[in-house]
Amino acid sequence: MTFSESIRLRVPEQSQRWRIMVRQRKWIAMVCCLLIAAASGYGLRRELAPFTAKPIEQALTPSAFADEDFGYGLSSYSKTLVMKDCFRILLAYSDIDMIDKAVRDVVSRCAARAADIVATTPTDSFAWLVRAAASVRLLANDDFNAALRQSQLTGPNEQWIARLRVDLAENYFSRLSAETIKSEAADLKLLASGHKGVAVIARRYVSDPDFRARITAIVEAMPQDRQVAFLNNVKRSMGK
């Protein structure tokens, strides 16, 4: 066989191998595209979960809320939406409601979702707060105190979360540990330093006699202008 004949024989073989390789690459590309599309669809479905969830008003009929799992997506926005729904539900139930197993199941699912979020995002101060709220409703005092402190540690300067933490802590003050009381004092100082926050604590000063000595001790250690601002807000709250 001449050299030219051997070349002609090898060319079809090389062409066949090339076609097979191109076909394989096409199949690989198609499979990758399908996987990406499936992943995108799954991610989109998860992101839409808070928007397709049942209205939280239905949680007042817990048996109708039995199949709601409080799903959320990968974004912080999606997680915050679910946590806000859970927080409102947790505060809506009375102590008598908590006797109902269906109510406790809803609260437990919120506790589980909050735990899932802080497990992957331990700096999520609001999710820690929701976990604290769920724990105190379930009479898990150790978890309540630990989660409340973690919320303050991870969001020490978030005034809107601090206001909610203070409300929760004051509503269940008898269940606070000594460490958590110190943590709450930091929140009270933060609120007293802000325009909106000082109005909040002034209203509580007027409405809650047991709160007065603690907040007075904190305000008295602050600069003169903050003391004046607090007193002015107390007078407004009293209608003077």
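Just so it is clear, the model here is predicted, and its values are computed rather than measured.
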Test of understanding: clusters of I, L, V, M, F, W, Y form through side-chain heavy atoms closer than 4.5 Å, transitively. Do [X] and [Y] belong to the same one?
X: Met98; Y: Leu91; result: yes
X: Val136; Y: Leu153; result: no
X: Leu168; Y: Val118; result: no
X: Ile117; Y: Leu138; result: yes

Taking the side chain as everything from C-beta on, heavy atoms only, tell me whether [X] gets closer than 4.5 Å to [Y].
X: Phe173; Y: Asp210; result: no
X: Val166; Y: Val200; result: no
X: Leu191; Y: Val198; result: no
X: Phe144; Y: Arg131; result: no

### Task
Please assess Asp105 against Lys101 for the test salt bridge (Lys or Arg N to Asp or Glu O under 4.0 Å), listing each intermediate value before the final yes or no.
CA-CA 6 Å; Asp105 287 344; Lys101 182 181 181 300; 3.0 Å; yes

### Task
Using modelled atom types only, decide if a donor and an acceptor are shared between the side chain of Trp128 and the backbone of Gly155 within a distance under 3.5 Å.
no

### Message
Check whether Arg226 reaches the backbone of Ala192 with its side chain - one donor and one acceptor, N or O, closer than 3.5 Å.
### Response
yes

To the closest 0.5 Å, what do you measure between [atom1] ([X]) and [atom2] ([Y])?
X: Ile218; Y: Leu190; atom1: CD1; atom2: CG; result: 11.0 Å
X: Thr80; Y: Met83; atom1: OG1; atom2: CE; result: 9.0 Å
X: Gln227; Y: Thr216; atom1: CD; atom2: OG1; result: 10.0 Å
X: Ile89; Y: Cys110; atom1: CD1; atom2: SG; result: 5.0 Å
X: Ile215; Y: Leu188; atom1: CD1; atom2: CG; result: 4.5 Å
X: Thr154; Y: Phe126; atom1: OG1; atom2: CZ; result: 12.0 Å

### Task
Could I get the full list of side-chain contact (heavy atoms from CB on, under 4.5 Å) partners for Asp143, not counting sequence neighbours?
Ser135, Ala140

#### Entry: Under the side-chain contact (heavy atoms from CB on, under 4.5 Å) test, residues paired with Lys182 that sit two or more places apart
none

Which atom of [X] lies closest to which atom of [Y], heavy atoms considered:
X: Val130; Y: Leu90; value: O-CD1, 3.7 Å
X: Ala169; Y: Leu148; value: CB-CD2, 4.0 Å
X: Ala114; Y: Ala127; value: CB-O, 3.6 Å
X: Pro122; Y: Ala119; value: CD-O, 4.5 Å
X: Ser237; Y: Ala202; value: OG-C, 4.0 Å
X: Ser207; Y: Pro209; value: O-CD, 3.6 Å

### Query
Can you check whether Phe230 and Tyr205 have ring centres sitting under 6.0 Å from each other?
yes

### Query
Does any pair with a residue in residues 165-178 pass side chain to side chain donor-acceptor pair (under 3.5 Å), and if so which ones, sequence neighbours excluded?
Ser125-Arg165, Arg137-Tyr172, Asn145-Ser177, Arg149-Ser177, Ser151-Arg165, Arg165-Asp187, Asp167-Arg204, Glu170-Arg214, Ser177-Thr180

### Query
What do you reckon, is CG of Asp225 surrounded by more than 12 foreign heavy atoms closer than 6.0 Å?
yes

### Query
Yes or no on side chain to side chain contact (heavy atoms under 4.5 Å, CB included) for Lys79 and Thr121, after CA distance, side-chain angles and deciding distance?
CA-CA 10 Å; Lys79 295 173 183 177; Thr121 315; 3.3 Å; yes

